[in-house]
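Comments concern the structure below.
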Amino acid sequence: MSVSVRIDDRIALITIDNPPVNVTSHAVREGLMAALDEAGAADVGRVILTGAGKTFVAGADAREFSAPPREPHLPDIVARIERFPVPVIAAINGAALGGGLELALACRWRIAAPAATLGLPEVTLGVVPGAGGTQRLPRLTGLPAALSLISEGRIVAAAEALRLGVIDAVDADPVAAARALALTDRPATGDLPAPAAADAAIEAAHRQAAKRMPGQTAPLEAIELVAAAARLPLAEGLALERQTFLNLKTSDQAAALRHVFFAERAAAGRGREGGADIRSAVVVGGGTMGSSIAYALAGIGIDVALVETDAAAVERARANVTKLYDDAVRRGKSTPEAAAADREARFTFHAGYDALPAADIAIEAAFEDLDVKRRIFSALDPALPETAVLATNTSYLDVNRIAEGIRNPGRFLGLHFFSPAHVMKLLEVVKARETAPETLATALRLAARLKKIPVLAGVCDGFIGNRILTRYRQTTDILLIEGATPWQIDAAMRGFGMAMGPYEVQDLSGLDIAYANRKRLGWKTKKDFRYIPIADRVVEETGRLGRKTGAGWYDHAEGQASPSALVGRIVEEESARAGIARRSFTDEEIVDRAVTAMIEEGFRILEEGIAEKASDIDLVLVHGYAFPRWRGGPMHHAGRIGLAEIERRLAAFAAADPLSWSVPSLLRRAVEEGRDPDGL
Ligand code: NAD
């Protein structure tokens, strides 16, 4: 039974019970209508609406997102609650999100438990509230608060909800409080006067949306709807809201955001079964990555032994770790005392491997050099129990070769964290040739504890993400030599929705990393490969390594980046040297080429079994490389464009530049069979 009614003392208690989080599935909506019928037929003076378990109602049923709406619709239930002959009181025992909060808003009173959370996060899925939220909430809170809650999809705790006027009271036992409540003659939420107009708040909401969710439609529509609450009678506002909701529900952006949401849920579910629990760890290398990996591990209660090469390096590592704790204190996430105590309790620092504790896992984050890494594991192997999981954080190198020669190679794998490792959610879990299933399960379990989004990857140069990144950059370098400029390419890719363009990113992270990588791959002399010398010349001849040297693809002065005449000249010289007549490119041409290159590489990654499914590639690009979430990742985006069109584009690119492009056979097959990327 997903909805139950209990009547005593002239009170009808309606309980929504749809584990795990009481979503408003079709059965719940039918159950609510039946429960209201029953309460209406009984001689009651009030109705209390609550949820079973720890949640009030967490929103709509994700499984119904893509299906046509089925009666009874939530707005009908909400309208019935609002006009019910006796007052309905929401006893909000836990999270009231989306449709859950909309049910509560239609109630005459709202009493929430202290731990309850409340919000209308619909915009994060590319839609707007569809059951009156945009019209009722501003009548309770005024425009400014409703704007920030709805257009940002912000979720607040009960105390803040009380302050904003979303709820009437906070009580440890909201059902008892609802029973005891002295009823007064109070208007329905929808009958409250329209909120005052607030132009400044609307402008501020637009600025926030442009900053936090650029390119997305739903936040803008949400702002319009909330603003309309000040202008339109309730019925008209509700009709406008419903129409907007239904339009957005079938939009490309909503489909993309749902796709990423489901992919994240599937990934997060991976660490729930099997594997051993990690209690202690060795981290080798205390630089950028090692220190933040160690900090993340300590943050979930794992004891960390941090290994560096010598005493001076140990001191640098210690300072790196201390800085992370200090940052947490500065951001108000910890106190100086708690931070110091935690660091003391969790960390030991070591120069070399002599006094290492017996750890459950070792994660190596030393220099990106095969020999360095191999030497580290040959030292770790005898220093730790034979059962300890051994992991490398390499970005590109061959994990199988790093593992050669260790005892029990089934315990070896890659754990590719992203920088900063204590913040970034993505984790590529790289399965080496001999990695045992139990080792993978342990790694996934650790990922779940760290609240990461783990994606399984096979061994190849750069795994999923960096392999696509390399291809993307190679493709934009070809655009450079054919006539585009770095600044134009950056602007075009930002226009597509990438957080930054490829050259801006290199200036931020340093041109030396990609340079070392190209050298390692031997691009200069590689056969059957279109080598573009521009980036190498910038590094070798000018020493411009990006922001850290004050110059890279751009000139950097006082925090401002401006196009570099010197780089512009190198680009033009290389075009001339290659005998290429430079031509102009539209932004659309730039984006089509760059994104199609990512898609082609994605198909190859799938074809070779490096990724298990297309949505994993999307997760990697969205979470690790700032691919616009609202485009769903490159593979989802390919599906929206149409795979036949992608095949056509690739064939055309390949005809003009056969060294750089070809049509993957997996794509050909998918087009023949009429399948989309998720079906592969
Ligand atoms: P880094 O230069 O900041 O740190 C490397 C650290 O390793 C230094 O502190 C160095 O003293 C130490 N080290 C070197 N050799 C050692 C040895 N034999 N024993 C113990 N310690 C040793 O580099 P980083 O950016 O932290 O990168 C580390 C690894 O992580 C590399 O393999 C890199 O490819 C990978 N990675 C980096 C990023 C990133 O964004 N920086 C992201 C993912 C993966």
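Numbering of ligands and ligand atoms starts at 1, following listing order.
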Close approach, Phe418 and ligand 1, non-hydrogen under 4.0 angstrom: no

Within the 6.0 Å centroid threshold, strictly below: Phe627 and Tyr472: no

Geometric cation-pi criterion, Arg494 with Trp487: 6.0 Å, 45°: no

Heavy atom of protein inside 4.0 Å of atom 23 (O) of ligand 1, strictly below: no

Contact (N/O only, under 3.5 Å) between Met289 and ligand 1: yes

Check: Gln506/Trp553 side-chain N/O donor and acceptor closer than 3.5 Å: yes

is_close_aromatic(Tyr625, Phe418), centroid dist under 6.0 Å: yes

Ligand 1 contact on Thr392 by region, counting heavy-atom pairs under 4.0 Å: neither

Nearest non-hydrogen protein atom, atom 33 (C) of ligand 1: Ser395 OG, 3.5 Å

Validation row, ring centre Tyr295 to ring centre Tyr325 under 6.0 Å: yes

Protein heavy-atom partner closest to atom 17 (C) of ligand 1 - residue, atom, separation in Å: Thr309 CG2, 3.4 Å

Distance (rounded to the nearest 0.5 Å) between Leu397 CG and Leu370 CG: 6.0 Å

Taking atom 29 (C) of ligand 1 as the reference point, the nearest protein heavy atom with its distance: Ala366 O, 3.1 Å

Ser564 and Arg544 side chains, donor-acceptor separation under 3.5 Å: yes

Per-atom contacts, ligand 1 versus Asn393 - under 4.0 Å to a heavy atom: 30 (O), 35 (C), 36 (N), 44 (C)

Side-chain donor-acceptor pair present, Ser660, Arg593, cut-off under 3.5 Å: no

N or O contact, Glu364 vs ligand 1, cut-off under 3.5 Å: no

Residue and atom name of the nearest protein heavy atom (relative to atom 32 (O) of ligand 1), distance in Å to one decimal: Glu368 OE1, 2.5 Å

His416 touching ligand 1 at heavy-atom level, < 4.0 angstrom: yes

Atom 4 (O) of ligand 1: nearest protein contact (heavy atom, Å): Gly287 CA, 3.3 Å

Identity and distance of the protein heavy atom lying nearest atom 20 (C) of ligand 1: Val284 CG1, 3.5 Å

Side chain, backbone, both or neither: the part of Phe417 lying under 4.0 Å from ligand 1 by heavy atom: backbone

Contact check: Thr394 vs ligand 1, nitrogen or oxygen atoms, below 3.5 angstrom: no

Close-contact set for ligand 1 against Lys373 heavy atoms, below 4.0 Å: 31 (C), 32 (O)

Contact check: Glu308 vs ligand 1, nitrogen or oxygen atoms, below 3.5 angstrom: yes

Heavy atom of the protein closest to atom 2 (O) of ligand 1 (residue, atom name, distance): Phe367 CE2, 3.6 Å

Closest approach of any protein heavy atom to atom 25 (O) of ligand 1, naming residue and atom: Thr288 CB, 3.8 Å

Distance flag, aromatic centroids of Tyr396 and Phe463, threshold under 6.0 Å: no

Distance filter under 4.0 Å to Gly285 heavy atoms, resulting ligand 1 atoms: 7 (O), 12 (C), 21 (N)

Donor-acceptor pair between His416 and Asn393 side chains, under 3.5 angstrom: no

Contact atoms of ligand 1, heavy-atom distance to Ser419 under 4.0 Å: 39 (C), 40 (O)

Pair Asp536-Tyr515, side-chain donor/acceptor within less than 3.5 Å: no

Atom of Ile361, atom of Leu415 and distance for their closest heavy-atom approach: CD1-CD1, 4.2 Å

Sole residue of Lys425, Arg270, Arg629, Arg258 in salt bridge (charged side-chain N to carboxylate O under 4.0 Å, His left out) with Glu264: Arg629

